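Take a look at the structure set out below.
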Amino acid sequence: LLSTMNTLITRGNAVFAFGFSAVSALSLACFLSTCLTTYQANVTITPGKIVVKQVAGAAGGVDGPADLAFMKFGLDADFTDVFNWNTKMLFVYLMAEYETSNNALSQVVIWDKKILRGDNAHVQLENMNTKYHFIDDGTG
């Protein structure tokens, strides 16, 4: 008689169950190492000169008169504490939020940057122009 305790399937099942338990424990340890971390950075944004000009027709996909804004800003942000063993890259962006008579809430990304692990994570900008065009419909 063959003993059911020593069959190939039983041994394979035991090895698979042990391996799965070990990988599960490792995954839990990885989760616990970063779940209580607060991902916050000290950020200071300094608005600079803002100029709004009215441009005519088909500017940035806007039909009719449109507003084109030019602005400068300063940014001091230290993202050093945000990086850990599980963070390879940060995508940082600065968004302008405003209201017009046509839209209750408008949001426009005016600047962004990718910060890789090992790069200088302290961003210091002064008198920086917007990276993207700031165009809106209307004459606000």
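This is a predicted model, so every value here is computed, not measured. Atom set for the values below is all heavy atoms of this structure, side chains included, hydrogens, waters and symmetry mates excluded. Index from 1, following the sequence.
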Can you tell me which residue pairs pass the salt bridge (Lys or Arg N to Asp or Glu O under 4.0 Å) test with a partner in residues 111-124, sequence neighbours excluded? Asp112-Lys131
Hey, are the side chains of [X] and [Y] touching, using non-hydrogen atoms and a 4.5 Å cut-off?
X: Trp111; Y: Asn129; value: no
X: Met71; Y: Ile110; value: yes
X: Val123; Y: Val92; value: no

Taking atom types as modelled, find out whether Thr10 and Thr7 have a side-chain donor-acceptor pair closer than 3.5 angstrom. yes
Give the other cluster members for Val109, using side-chain heavy-atom distances under 4.5 Å between Ile, Leu, Val, Met, Phe, Trp and Tyr residues; answer none if it is isolated. Phe91, Tyr93, Met95, Tyr132
Whichever hydrophobic residues join Leu26 through chains of side-chain contacts under 4.5 Å: none
Contacts of Leu32 meeting side chain to side chain contact (heavy atoms under 4.5 Å, CB included) (sequence neighbours excluded), chain-then-number -> Leu28, Cys35
Name all residues meeting the side chain to side chain contact (heavy atoms under 4.5 Å, CB included) criterion together with Gln124; count only those two or more places apart in sequence or in a different chain, and write none if there are none. Asp76, His122
Tell me, which pairs form a side chain to side chain donor-acceptor pair (under 3.5 Å) where one or both residues lie in residues 78-88, sequence neighbours left out? Ser33-Trp85, Tyr39-Asn84, Asp78-Thr80, Asn84-Thr87
Considering only residues two or more places apart or on different chains, which pairs with a residue in residues 16-29 satisfy side chain to side chain donor-acceptor pair (under 3.5 Å)? none
Around atom CG of Leu8, are there more than 12 heavy atoms of other residues, nucleotides or ligands at under 6.0 Å? no
In this structure, would Val82 and Leu116 fall into the same cluster of hydrophobic residues linked by side-chain contacts under 4.5 Å? no
Which heavy-atom pair separates Phe79 from Ile115 by the least distance, and what is that distance? CD1-CD1, 3.8 Å
Hits for ring-ring contact (aromatic ring centres under 6.0 Å, His included) against Phe70, two or more places apart or cross-chain, chain-then-number order -> none
How would you list, by chain and number, every residue that makes a ring-ring contact (aromatic ring centres under 6.0 Å, His included) with Phe134, sequence neighbours excluded? Tyr98
Sequence neighbours excluded, the answer for side-chain hydrogen bond (donor to acceptor under 3.5 Å, both in side chains) partners of Gln107 is Glu97
Only counting residues at least two apart or in another chain, list the ones meeting side-chain hydrogen bond (donor to acceptor under 3.5 Å, both in side chains) with His133. none
Measure the spacing between CD of Gln54 and CG of Leu68 and express it to the nearest 0.5 Å. 11.0 Å
dist Phe83:CZ -> Leu90:CG (nearest 0.5 Å) comes out at 4.0 Å
